[in-house]
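Below you'll find the structure, written out as structure tokens, and then a few comments.
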Amino acid sequence: MRSPLHEWTLEPQEAMALQRRLASRAERRDRIDEVHHIAGVDIGFEDDGETTRAAVVLLAWPGLEVLEEVVHREPTRMPYIPGLLSFREIPAALGAFERLSQRPDLVMVDGQGIAHPRRLGVASHLGLWLDLPTLGVAKKRLCGKHGEVPAGRGEWTPLIDRRRDEDPEEALMDEAGRVIIGAMLRSREGVKPVIVSPGHRISQATALEWVIACLGRTKLPEPTRLADRLASRRGKAFTSEKRQGDISYPSRPRHDR
DNA sequence: GCGACAG
DNA sequence: ATCTTGTCGC
């Protein structure tokens with residue numbers, strides 16, 4: 001997948017064309033080895049968006065202890081355009097992964113996997129570049145429809161979309177020819193559901209299983225929650241470079257997100 | 001033509 | 001995403 005021809009600064013039209021080509025290579029079937037390490041990824045911005053800050057947290061499975069964390073900063077290359085998010089966030093994410101001492105067996109990304117108009121959300125795109133199993137955990141919907149989401153923790157409802165650039169071999173379709181692109185998961189009672197969708201080398205069912213397995217008492221699963229905190233300016237004063245081992249964080253009263 | 005629109 | 005204080009509830 002790694003190709004020097006893949007420019008990260010592209011015109012919207014070119015970026016969309018590239019997404020269509022890459023989407024056909026994103027696998028929706030499980031191709032995961034034994035999971036011992038799970039990584040959480042999230043991106044933040046500084047200086048009015050001039051700088052992109054990528055955070056990666058490596059956790060042990062089972063146990064979810066934090067083994068390593070990396071924060072990487074670099075100049076932002078593209079503006080935010082709905083549907084083209086990966087081109088803006090992935091370069092920095094790759095920089096952070098290069099500094100990680102070991103490759104995880106599964107990566108959880110803040111954003112969509114295939115729950116995307118062209119079936120290539122940031123989680124899918126990143127998975128192709130890293131050639132690792134990835135899944136997306138998003139807080140908001142990009143496309144697709146769904147019914148009411150059950151109230152109980154761990155319950156979910158499928159996120160359905162009309163058929164678009166689908167690969168009949170991999171797509172999960174219903175009798176009406178529509179596609180299941182993700183799941184609206186109630187990760188916590190009384191809180192808006194998160195959207196879980198496969199990124200690369202993982203199925204919808206397995207993606208959901210892993211997210212549920214990594215759920216704590218908060219809305220976001222541990223990998224994404226920790227990466228989110230690290231990438232957010234909340235951790236700014238404490239995330240100068242890279243740290244390892246057991247780390248204690250200053251706990252501030254927060255309620256959501 | 002009129003909304004919707006990840007982070 | 002980011003800018004921001006207090007406030008409500010487990």
Side-chain angles (χ1 to χ4, degrees), chain A residues 8 12 15-16 19 22-23 26 40-56 71-94 96 107-127 134-146 151 153 159-162 164 181-185 187-200 207 211 216-221 223-225 227-237 239 251-257:
Chain A
W8 292 105
M16 289 171 66
Q19 289 183 318
L22 294 177
V41 192
D42 190 29
I43 275 68
F45 297 88
E46 302 172 359
D47 315 322
D48 278 303
E50 307 264 317
T51 303
T52 301
R53 174 183 53 227
V56 176
V71 174
H72 169 78
R73 294 178 170 78
E74 63 173 65
T76 301
R77 316 195 188 198
M78 280 193 55
Y80 166 66
I81 300 172
L84 300 182
L85 177 70
S86 62
F87 292 89
R88 175 174 166 84
E89 302 195 336
I90 290 183
L94 294 177
V107 181
M108 293 180 43
V109 185
D110 190 313
Q112 316 289 354
I114 64 168
H116 175 282
R118 288 168 294 286
R119 307 293 178 259
L120 195 85
V122 61
S124 307
H125 200 163
L126 182 61
T134 59
L135 63 84
V137 179
K139 296 178 287 298
K140 288 191 289 189
R141 184 190 58 84
L142 211 209
C143 64
K145 301 172 183 171
H146 63 84
R153 180 174 182 276
L159 177 62
I160 309 285
D161 198 15
R162 49 164 280 197
R164 302 204 191 180
I181 58 175
M184 303 299 297
L185 171 68
S187 54
R188 185 182 176 181
E189 299 175 356
V191 176
K192 218 212 306 189
V194 293
I195 303 159
V196 178
S197 61
H200 180 47
V211 170
R217 353 175 158 168
T218 53
K219 170 177 180 170
L220 298 175
T224 290
R225 183 183 71 85
D228 194 272
R229 187 171 68 177
L230 195 57
S232 182
R233 75 182 343 289
R234 272 163 278 157
K236 201 173 185 180
T239 60
S251 58
R252 307 191 73 83
R254 289 200 295 124
H255 309 283
D256 196 321
R257 262 236 33 173

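Since the structure is predicted, the reported quantities are computational estimates derived from the model, not experimental observations. Each chain gets a letter, A, B and so on, in the order the sequences are listed, and its residues count up from 1.
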Provide, to the nearest angstrom, the distance between the [atom1] atom belonging to [X] and the [atom2] atom belonging to [N].
{"X": "A/Leu230", "N": "C/dA1", "atom1": "CG", "atom2": "C1'", "answer": "16 Å"}
{"X": "A/Arg53", "N": "B/dG7", "atom1": "CZ", "atom2": "C1'", "answer": "13 Å"}
{"X": "A/Met78", "N": "B/dA6", "atom1": "CE", "atom2": "C1'", "answer": "14 Å"}
{"X": "A/Leu84", "N": "C/dA1", "atom1": "CG", "atom2": "C1'", "answer": "16 Å"}
{"X": "A/Asp42", "N": "B/dA6", "atom1": "CG", "atom2": "P", "answer": "15 Å"}
{"X": "A/Leu85", "N": "B/dA4", "atom1": "CG", "atom2": "P", "answer": "21 Å"}
{"X": "A/Asp48", "N": "C/dT2", "atom1": "CG", "atom2": "P", "answer": "12 Å"}
{"X": "A/Asp161", "N": "B/dA4", "atom1": "CG", "atom2": "P", "answer": "16 Å"}

May I ask you to verify if any side-chain N or O of [X] is less than 4.0 angstrom from the OP1 or OP2 atom of [N]?
{"X": "A/Arg119", "N": "B/dA6", "answer": "no"}
{"X": "A/Lys139", "N": "C/dA1", "answer": "yes"}
{"X": "A/Arg141", "N": "B/dC5", "answer": "yes"}

| query | Can you tell if the side chain of A/Met108 reaches within under 4.5 Å of the side chain of A/Leu135, non-hydrogen atoms only? | reply |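 Sidechains of A/Leu135 and A/Met108: in contact.
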
| Quick one: does A/His200's side chain get under 4.5 Å of A/Val107's, heavy atoms only? | no

Within the 4.0 Å heavy-atom criterion, would you say [X] contacts the bases, only the backbone, or no part of the nucleic acid?
{"X": "A/Leu120", "result": "nothing"}
{"X": "A/Gln112", "result": "base"}
{"X": "A/Gly44", "result": "sugar-phosphate"}
{"X": "A/Gly49", "result": "nothing"}

| query | Should A/Ser187 and A/Val137 be marked as a side chain to side chain contact (heavy atoms under 4.5 Å, CB included) after you check the CA-CA gap, both sets of side-chain angles, and the distance that decides it? | reply | CA-CA 11 Å; A/Ser187 54; A/Val137 179; over 6 Å; no

| request: May I have the step-by-step check of side chain to side chain contact (heavy atoms under 4.5 Å, CB included) for A/Asp228 and A/Lys139, ending in yes or no? | output: CA-CA 12 Å; A/Asp228 194 272; A/Lys139 296 178 287 298; 4.1 Å; yes

Selected nucleotide, minimal atom distance to [X] side chain, candidates [options]:
{"X": "A/Tyr80", "options": "C/dT2, B/dG7, B/dA4", "value": "B/dG7"}
{"X": "A/Leu142", "options": "B/dC5, B/dG7, C/dT2", "value": "B/dC5"}
{"X": "A/Ala138", "options": "B/dG7, B/dC5, C/dT2", "value": "B/dG7"}

Shortest non-hydrogen separation from [X] to [Y] and the atoms involved:
{"X": "A/Gln112", "Y": "A/Ser197", "result": "C-OG, 3.8 Å"}
{"X": "A/Glu189", "Y": "A/Ala151", "result": "CG-O, 3.9 Å"}
{"X": "A/Asp42", "Y": "A/Ala231", "result": "O-CB, 3.5 Å"}

| query | Quick one: stems for DNA chain B, with Watson-Crick or G-U pairs under 3.5 Å, at least three in a row? | reply |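 Expected stems, ordered by start: none at all.
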
Would you be so kind as to tabulate the donor-acceptor pairs closer than 3.5 Å made by side chains of residues 81-89 of chain A, with sequence neighbours excluded?
unit_1  : atom_1 : unit_2   : atom_2 : d
A/Ser86 : OG     : A/His125 : ND1    : 2.8
A/Arg88 : NH1    : A/Met78  : O      : 2.7

| NZ/NE/NH1/NH2 to OD/OE distance under 4.0 Å, A/Asp161 and A/Arg119 | yes

| query | Does any N or O in the side chain of A/Ser124 come within less than 3.5 Å of the main-chain N or O of A/Gly113, such that one atom is a donor and the other an acceptor? | reply | yes

| query | Can you give the dot-bracket line for DNA chain C, where a pair is Watson-Crick or G-U wobble with both atom distances under 3.5 Å, crossing pairs use [ ], and | marks a partner on another strand? | reply | ..........

